[in-house]
Trainee: 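First, the structure itself, so that you have it in front of you.
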Amino acid sequence: PTYTATQGAYVTVHHDKKSPKAVVVMNPCRAEIVSSVSVMKVDELRDTLTGRTIRRSFGAFEVPLPPRSVRLFAVQKASRS
């Protein structure tokens, strides 16, 4: 599957045979950005460092990213659709 991220960010998804387990979002830019990240079959992500939860809204996650940073999220809620 293809996953998309806006504002110059990159996204990768790690999964087992059943469902997505982790989402990594990377900002290679020199500026802070908010990327709209689309990951199918995922409804909720938990930041592994802060514990904060991000919920999907209108089909995507709004992920704030400091300059030249990487954020790792654990999939909290995966949907079947």
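Below, all heavy atoms of this structure are taken into account, side chains as well, without hydrogens, waters or symmetry copies. As the structure is a computational prediction, the values presented were derived from the model and not from experiment.
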Trainee: Apply side chain to side chain contact (heavy atoms under 4.5 Å, CB included) to residues Asp47 and Arg71 and explain how you reach the verdict.
Mentor: CA-CA 7 Å; Asp47 187 301; Arg71 292 186 69 186; 2.7 Å; yes
Trainee: Determine whether Val63 and Phe73 make a side-chain contact, defined as any pair of heavy atoms from C-beta on separated by less than 4.5 Å.
Mentor: yes
Trainee: Under 3.5 Å, sequence neighbours excluded: what are the donor-acceptor pairs made by side chains of residues 31-39?
Mentor:
unit_1	atom_1	unit_2	atom_2	d
Ser35	OG	Thr6	N	3.1
Ser35	OG	Thr6	O	2.7
Ser36	OG	Glu62	OE2	3.3

Trainee: Got a sec, which hydrophobics cluster with Met26, joining ILVMFWY side chains under 4.5 Å apart, including via others?
Mentor: Tyr10, Val24, Val70, Leu72
Trainee: Determine, stepwise, if the pair Lys21 / Val75 fulfils side chain to side chain contact (heavy atoms under 4.5 Å, CB included).
Mentor: CA-CA 5 Å; Lys21 298 297 179 191; Val75 173; 5.5 Å; no
Trainee: Are any of the side-chain nitrogens in Asp43 or Arg56 under 4.0 Å away from the carboxylate oxygens of its partner?
Mentor: yes
Trainee: What closest approach, in Å, do Cys29 and Gln7 show between heavy atoms, and which atom pair accounts for it?
Mentor: SG-O, 3.8 Å
Trainee: Counting only N and O atoms by type, is there a donor-acceptor contact under 3.5 Å from the side chain of Arg55 to the main-chain atoms of Phe61?
Mentor: no
Trainee: Who are the side-chain hydrogen bond (donor to acceptor under 3.5 Å, both in side chains) partners of Gln76, not counting sequence neighbours?
Mentor: Arg46
Trainee: For Thr53 and Leu45, what are the C-alpha separation, side-chain angles and deciding distance, and is it a side chain to side chain contact (heavy atoms under 4.5 Å, CB included)?
Mentor: CA-CA 6 Å; Thr53 299; Leu45 299 172; over 6 Å; no
Trainee: Can you name the closest pair of heavy atoms from Lys18 and Asp16 and give their distance?
Mentor: N-OD1, 2.8 Å
Trainee: For a quick test of reading the model, state the closest non-hydrogen atom pair linking Ala5 to Ala9 and the distance between them.
Mentor: CB-O, 3.6 Å
Trainee: What are the two closest heavy atoms between Asn27 and Leu65, and how far apart are they?
Mentor: ND2-O, 3.4 Å
